[in-house]
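The structure under discussion appears below in the form of structure tokens.
Remember, it's 1-based here, ligands and their atoms both numbered in the order they're listed. Because the structure is predicted, anything quoted here is derived from the model rather than measured.
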Amino acid sequence: MFRNLNSLVHTSVRRFAAKMTSIPDVKNLPTLHSTLEEAKRVAAYRAVDENLDYANHRVIGVGSGSTVIYVAERLGQYLLDPQFSIYASQFICIPTGFQSKELILTNGLRLGSVEQYPVIDIVFDGADEVDVNLQLIKGGGGCLFQEKLVSTSASKFVVVADYRKRSPKYLGTNWVKGVPIEVVPTSYIRVLNDLKTKLKCKNAVLRQGAPAKAGPVVTDNCNFIIDAHFGEIEHPEKLHQDIKMLVGVVETGLFIDNASKAYFGNPDGSVEMLV
Ligand SMILES: O=C(CO)[C@H](O)[C@H](O)COP(=O)(O)O
């Protein structure tokens, strides 16, 4: 009986050890189906490698979107590397919505919540546009409220993005779909009107779920999203405050003085950093 148990334990240890691999070198990664995906991956991997203090950071925010997929993947690689696994097994990852919760779990990482861990060491998240002062538009994926809750609870917020997200100067230049605004469902008509009449918004629409869903997008918090285009945004802080004052607005996708750094991946495999 004892011999059987012993051999079972040894088999499990051998199986676990067989899965362990060193973290892949960013200079020698397998090709992906597009250079855009490779740009996202290299930005995410470099951001994690250069900012994660694996021996001291415990509570790690994992944002939403297609670039963050590679952040979760990289954190999972730390877990499988015998050199880092002792530290990585202590990481507690805080999601910013349903998608990031899934990313955390599928990469074998430990899931926590912002209610359990209101103080976060570092967060990695994507952005829809980043200006020269590190002000951001976020919420293209509809997760802006939880993203803001997590990023403003973190000591350090590192943006991971591809080259298309870097604004030449003002927000609203590259990202012309509009500033995402999360609103309480019953207030959406009122907010649409106020955006146009009080804030002189050029165009504001309720985000629709079609073709995947008939009717509006419903957020992880059961709210609606309005996309409001203001043209080039010279004063993002003022605009954020003005929108926030409207009755029915839960949060805006303008992230002001929140990010510490941004990593932009290029199609040639290089990465540019903005601090
Ligand atoms: O704010 C977000 C979701 O609400 C995303 O971070 C943003 O849309 C960027 O996504 P991607 O990495 O897919 O370009």
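- Within the cation-pi definition used here (under 6.0 Å to the ring centroid, within 45° of the axis), K138 qualifies as a partner of F255.
- Of all the atoms in ligand 1, the ones that sit under 4.0 Å from a non-hydrogen atom of G65 are 10 (O), 13 (O).
- Atom CG of L134 is separated from atom CG of D257 by 9.5 Å, given to the nearest 0.5 angstrom.
- Checked against a 3.5 angstrom limit, the closest N/O atoms of K138 and ligand 1 fall inside it.
- Ligand-side atoms of ligand 1 in range of G139: 1 (O), 2 (C), 4 (O), range being under 4.0 angstrom from any heavy atom.
- Applying side-chain hydrogen bond (donor to acceptor under 3.5 Å, both in side chains) to D227 and the options R207, Q208, K177 leaves one that passes, R207.
- At least one N or O atom of G141, backbone or side chain, sits closer than 3.5 Å to an N or O atom of ligand 1.
- T219 is not listed as a side-chain neighbour of F224, based on a closest heavy-atom distance of 4.5 Å or more.
- Residue contact check: C143 has heavy atoms under 4.0 Å from atoms 4 (O) of ligand 1.
- The distance from ligand 1 to the heavy atoms of D125 drops below 4.0 Å at these ligand atoms: 6 (O).
- Side chain to side chain, Y78 and Q83 fail the donor-acceptor criterion of an N or O pair below 3.5 Å.
- Residues passing the ring pair (Phe, Tyr, Trp, His ring centres under 6.0 Å) test with F264: none are found, sequence neighbours excluded.
- With sequence neighbours excluded, the residues satisfying side-chain hydrogen bond (donor to acceptor under 3.5 Å, both in side chains) with K148 are E251.
- Within a 6.0 Å sphere centred on OH of Y87, heavy atoms belonging to other residues, nucleotides or ligands number 12 at most.
- The shortest N or O to N or O distance between D128 and ligand 1 is under 3.5 Å.
- Listed by number with element, the atoms of ligand 1 under 4.0 angstrom from any heavy atom of G126 are 6 (O).
- Of the candidates S66, G142, S64, S64 brings a heavy atom nearest to atom 5 (C) of ligand 1.
- Between Y263 and N51, the side chains place a donor N or O and an acceptor N or O closer than 3.5 Å (distance only, hydrogens not considered).
- The proximity of A127 to ligand 1, defined as any non-hydrogen pair under 4.0 Å, is limited to the backbone.
- Scanning the protein heavy atoms around atom 12 (O) of ligand 1, the nearest turns out to be T67 OG1, 2.6 Å.
- From the protein, the heavy atom lying nearest to atom 2 (C) of ligand 1 is E147 OE2, 3.2 Å.
- Close to ligand 1: K165, with a non-hydrogen atom less than 4.0 angstrom away.
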